[in-house]
Amino acid sequence: MRESETEPTLLIVGLGMIGGSLAAALKANGFGGEILAFDRNPDEIETGLAMQVIDGGGAQLAPLVARSDIVCLAVPVLAMASVLRELAPLLGERIVTDVGSTKRAVHDAVVQAMGGFPPRFVLGHPIAGSEKSGVAAANPVLYRQHKVILTPTPATDPEAVFAVRALWQRCGAQVLEMSMAEHDQVLARTSHLPHLLAFSLVDTLARQDARLEIFRYAAGGFRDFTRIAGSDPVMWRDIFTANRDAVLGALDDFEAGLKRLRTAVEQGDSDAMLGTFDRASHARHYFETLLNQTSYQTMEARQVQYRAAPGVAVSGRIRVPGDKSISHRSIMLGALANGVTEVEGFLEGEDSLATLQAFRDMGVAIEGPHQGRVTIHGVGLHGLEKPAGPIYVGNSGTAMRLFAGLLAGQAFDSELTGDASLTKRPMARVADPLRLMGATIDTAEGGRPPLKIHGSQPLKGIDYDMPMASAQVKSCLLLAGLYAAGETRVREPAPTRDHTERMLNGFGYAVTREGDVARLEGGGSLTSAPIDVPSDISSATFFLVAAAITPGSDLVLEHVGVNPTRVGVINILKLMGADLRLENPREVGGEPVADLYIRYAPLQGIDIPVDQVPLAIDEFPALFVAAANAEGTTRLRGAEELRVKESDRIQAMADGLAVLGVEATVFEDGIDIVGKGGENANYAGGHVDSLGDHRIAMAFTVAALRASSPILIDDCANVATSFPGFVTLANRVGLQLEEVTA
């Protein structure tokens with residue numbers, strides 16, 4: 001092999017559109033190595049040289065291989081065997097990769113030609129293409145922001161994988177790894193099957209006598225769907241032949257789904273049709289957001305930074321989005337109820353939408369959301385269907401813990417997973433008591449997600465004393481109790497939010513309260529009921545604190561949920577001296593709501609009452625900012641729960657406050673914050689890390705109002721998880737906030 005002091009020499013075997021685009025992309029992105037090409041058609045080599053996408057080439061393989069470090073096979077899959085036989089004695093220790101769309105077929109051809117699978121052969125497949133062919137169609141941006149899948153074997157040399165990965169990343173591609181079997185199954189369903197259907201549909205219509213009229217009046221939808229039928233017929237014949245088993249499996253699944261839909265149309269089953277169409281519609285939307293990298297499942301790939309500048313005053317009259325906790329529960333209980341549930345004010349944030357999609361995946365027909373309105377066609381407690389794969393709940397600990405309870409009582413196996421942040425959070429606190437009820441649940445190391453829940457396990461009611469106050473644990477066990485024999489009793493050491501109990505009663509399922517114990521009897525049923533989701537007090541908190549700390553502020557927050565188990569932030573701010581009052585109190589769907597009026601007033605540091613801690617557990621990041629602007633020291637104890645949220649919120653806030661020059665002392669269960677106080681006092685700006693925690697990010701956005709210079713906040717993509725539209729609303733009331741996406 002040639003020793004290269006800079007970048008390797010690449011040989012592309014088969015200079016068509018795919019291989020030519022690889023060469024063009026490398027050239028366009030400053031690749032310093034030599035690029036050679038082999039093709040039996042001399043015209044393709046001449047064209048490639050004329051286009052300056054290759055540096056040399058020809059129709060003789062051996063001399064080109066001798067000059068190369070990396071060989072990329074860009075020939076059709078069924079032509080691979082003959083090329084490999086010629087290559088086998090020439091390769092030596094060179095790194096080899098390919099672009100074939102069926103990996104098992106290529107793997108088998110390699111083994112047959114070489115007598116085994118070389119450790120420096122890295123199977124690969126770029127997920128990009130065109131109906132055009134030949135090097136003349138080479139596109140230097142074909143692979144930019146597209147995925148390239150590598151399928152290394154356990155014996156593949158890591159150095160070879162690294163080299164091939166670097167090659168594709170130089171083209172601007174996103175490189176992933178998976179097994180050969182998984183690749184072939186995924187591609188059979190997402191690429192091969194659609195092409196098969198497009199070829200079949202166009203051929204079927206072309207055979208009909210009225211084909212000219214059919215094609216003349218076909219609309220754009222027909223054109224868009226059948227565009228791929230213009231692809232190379234020979235290439236697709238080879239693909240369907242090479243990936244036959246996976247394609248047939250995908251076709252079987254499609255035919256089964258088509259049969260179900262045909263039956264629904266024949267029988268006039270409107271709910272079944274709606275369920276299919278609605279799931280498809282939202283799945284298509286989800287696919288589109290994945291491509292645009294705006295979905296909750298791709299947030300981890302986005303780097304969002306906030307730049308928050310000092311402000312003057314916060315004023316206006318606004319309504320923040322609906323309560324996330326209630327939005328989650330409205331979908332869950334509406335799906336498990338008998339009848340149709342109408343929801344108003346649903347939070348269209350990414351976590352809530354993940355819960356909604358999960359129930360669609362379990363066979364529930366759901367209309368919307370449309371401007372906060374959702375219609376749920378309930379299937380009853382025992383009407384859920386096994387989802388096709390793991391249930392993804394994004395960043396939501398609430399969803400994962402509540403799902404664990406209701407899925408423990410189902411007849412099918414299920415798996416719960418989430419984003420990188422959620423997979424670090426403890427789930428033993430729900431898994432352990434569910435096991436006491438008879439559930440079988442597997443967790444990852446340390447009791448963390450994913451949760452694998454084994455169905456058809458008979459559950460029994462238990463009497464459980466929670467070791468720490470947690471509404472999520474309480475709700476999880478009550479939902480499992482719906483499916484349990486006997487009574488489930490949950491005792492909490494301190495009051496926690498009671499949305500689940502209120503909503504269950506609203507759906508006609510009796511939950512009683514005796515002191516610190518919530519109890520229900522298993523075996524009942526839920527009846528649909530309308531739900532009006534109040535504005536989220538956790539979201540309102542950031543604006544309450546913004547107005548409380550900024551001189552001249554006068555703000556009204558409309559229709560905010562003031563459930564007695566959630567008003568800790570109101571009580572704490574009042575104890576600190578905030579000018580805050582509740583107006584127009586009323587009850588909507590069993591939940592108390594009110595309009596919150598707040599004006600600036602000097603704040604005082606306090607010892608936060610321990611009994612208020614569980615009533616404000618999610619609001620403390622913002623309250624820490626209030627403390628930083630108060631006169632004197634604010635002390636918090638009994639808040640160890642903050643250590644296991646989306647981040648260690650005590651330490652994360654202390655670290656950020658230190659950057660601003662605010663003195664804070666951290667304790668195992670709390671923090672002391674020495675406030676700056678006074679109308680003219682402020683702290684420095686700076687650069688802080690939210691650690692991917694939306695509440696940390698929004699808290700430091702508010703802190704910037706009283707800073708002497710801007711605050712830059714890293715890793716803010718997850719704000720969309722709980723508060724869609726936060727940046728727009730913040731700027732509307734007077735904050736100076738800019739979002740920067742890297």
Side-chain angles (χ1 to χ4, degrees), residues 325 395-398 400-402 404 418 421-433 443 445-449 464-477 490-498 516 537-538 541 565-569 571-572 575-576 605-628 633-658 662-674 689-699 722:
S325 297
N395 187 245
S396 177
T398 297
M400 179 164 284
R401 292 181 177 123
L402 269 61
S421 171
L422 186 59
T423 56
K424 299 174 184 176
R425 298 176 64 183
M427 293 297 151
R429 59 177 59 183
V430 293
D432 289 343
T443 63
E445 183 179 355
R448 302 184 189 282
Y464 186 70
D465 291 349
M466 291 197 300
M468 65 175 62
S470 170
Q472 295 175 4
V473 175
K474 176 180 64 173
S475 296
C476 167
L477 299 183
V490 184
R491 180 177 289 102
E492 49 189 354
T496 64
R497 58 189 65 175
D498 61 357
D516 56 0
I537 195 169
S538 293
T541 293
T565 63
R566 299 285 301 279
V567 294
V569 62
N571 298 335
I572 292 168
L575 289 172
M576 296 178 75
I606 63 169
D607 290 353
I608 296 174
V610 175
D611 64 356
Q612 295 300 307
V613 172
L615 308 185
I617 197 67
D618 284 335
E619 288 73 60
F620 277 113
L623 284 170
F624 290 172
V625 173
T633 301
T634 297
R635 299 178 179 86
L636 171 67
R637 298 294 185 274
E640 58 272 9
E641 174 77 2
L642 288 174
R643 296 282 194 177
V644 292
K645 289 290 187 178
E646 283 84 337
S647 65
D648 179 344
R649 286 179 173 164
I650 292 175
Q651 191 63 56
M653 286 300 300
D655 291 344
L657 290 172
V662 176
E663 182 183 342
T665 305
V666 170
F667 298 88
E668 187 62 32
D669 66 340
I671 191 171
D672 289 353
I673 298 172
V674 180
D689 189 347
S690 76
L691 303 177
D693 188 325
H694 49 277
R695 298 198 192 281
I696 303 294
M698 290 186 282
S722 64

Legend entry - All side chain to side chain donor-acceptor pair (under 3.5 Å) counterparts of Thr633, not counting sequence neighbours: none
Inset, instruction - List for me each residue that meets side chain to side chain donor-acceptor pair (under 3.5 Å) alongside Gln651, sequence neighbours excluded, and say none if there are none. - result: Asp655
Inset, instruction - With sequence neighbours excluded, tell me which residues meet side chain to side chain donor-acceptor pair (under 3.5 Å) with Asp516. - result: none
Inset, instruction - With sequence neighbours left out, write down each residue that passes side-chain contact (heavy atoms from CB on, under 4.5 Å) with Ala469, or none if nothing qualifies. - result: Pro493, Ala494, Thr496, Pro614
Inset, instruction - Could you tell me whether the side chain of Phe620 reaches within less than 4.5 Å of the side chain of Ile608, counting heavy atoms only? - result: yes
Inset, instruction - With sequence neighbours left out, write down each residue that passes side-chain contact (heavy atoms from CB on, under 4.5 Å) with Ala622, or none if nothing qualifies. - result: Thr541, Phe542, Val545
Inset, instruction - Write out all pairs satisfying salt bridge (Lys or Arg N to Asp or Glu O under 4.0 Å) with one or both partners inside residues 607-619, taking only residues at least two apart or from two chains. - result: Arg497-Asp618, Asp607-Arg635, Asp618-Lys645, Asp618-Arg649
Inset, instruction - Applying side chain to side chain donor-acceptor pair (under 3.5 Å), name anything that partners Asp689, two or more places apart in sequence or on another chain. - result: none
Inset, instruction - Evaluate the criterion side chain to side chain contact (heavy atoms under 4.5 Å, CB included) for residue pair Leu691 and Ile696; output intermediate values, then yes/no. - result: CA-CA 8 Å; Leu691 303 177; Ile696 303 294; over 6 Å; no
Legend entry - Side chains of Leu615 and Ile572 in contact at under 4.5 Å (non-hydrogen atoms): no
Legend entry - Set of side-chain contact (heavy atoms from CB on, under 4.5 Å) partners for Ala697, sequence neighbours left out: Ser690, Ile713, Cys716, Val719
Inset, instruction - Just grab all the side-chain hydrogen bond (donor to acceptor under 3.5 Å, both in side chains) pairs involving residues 663-673, residues at least two apart or on different chains. - result: Arg637-Asp672
Legend entry - Contacts of Pro426 that satisfy side-chain contact (heavy atoms from CB on, under 4.5 Å) - sequence neighbours left out: Arg401, Arg429, Arg448, Val644
Inset, instruction - Establish, from distance only, whether the side-chain atoms of Ser538 and Arg566 form a donor-acceptor pair under 3.5 Å. - result: yes
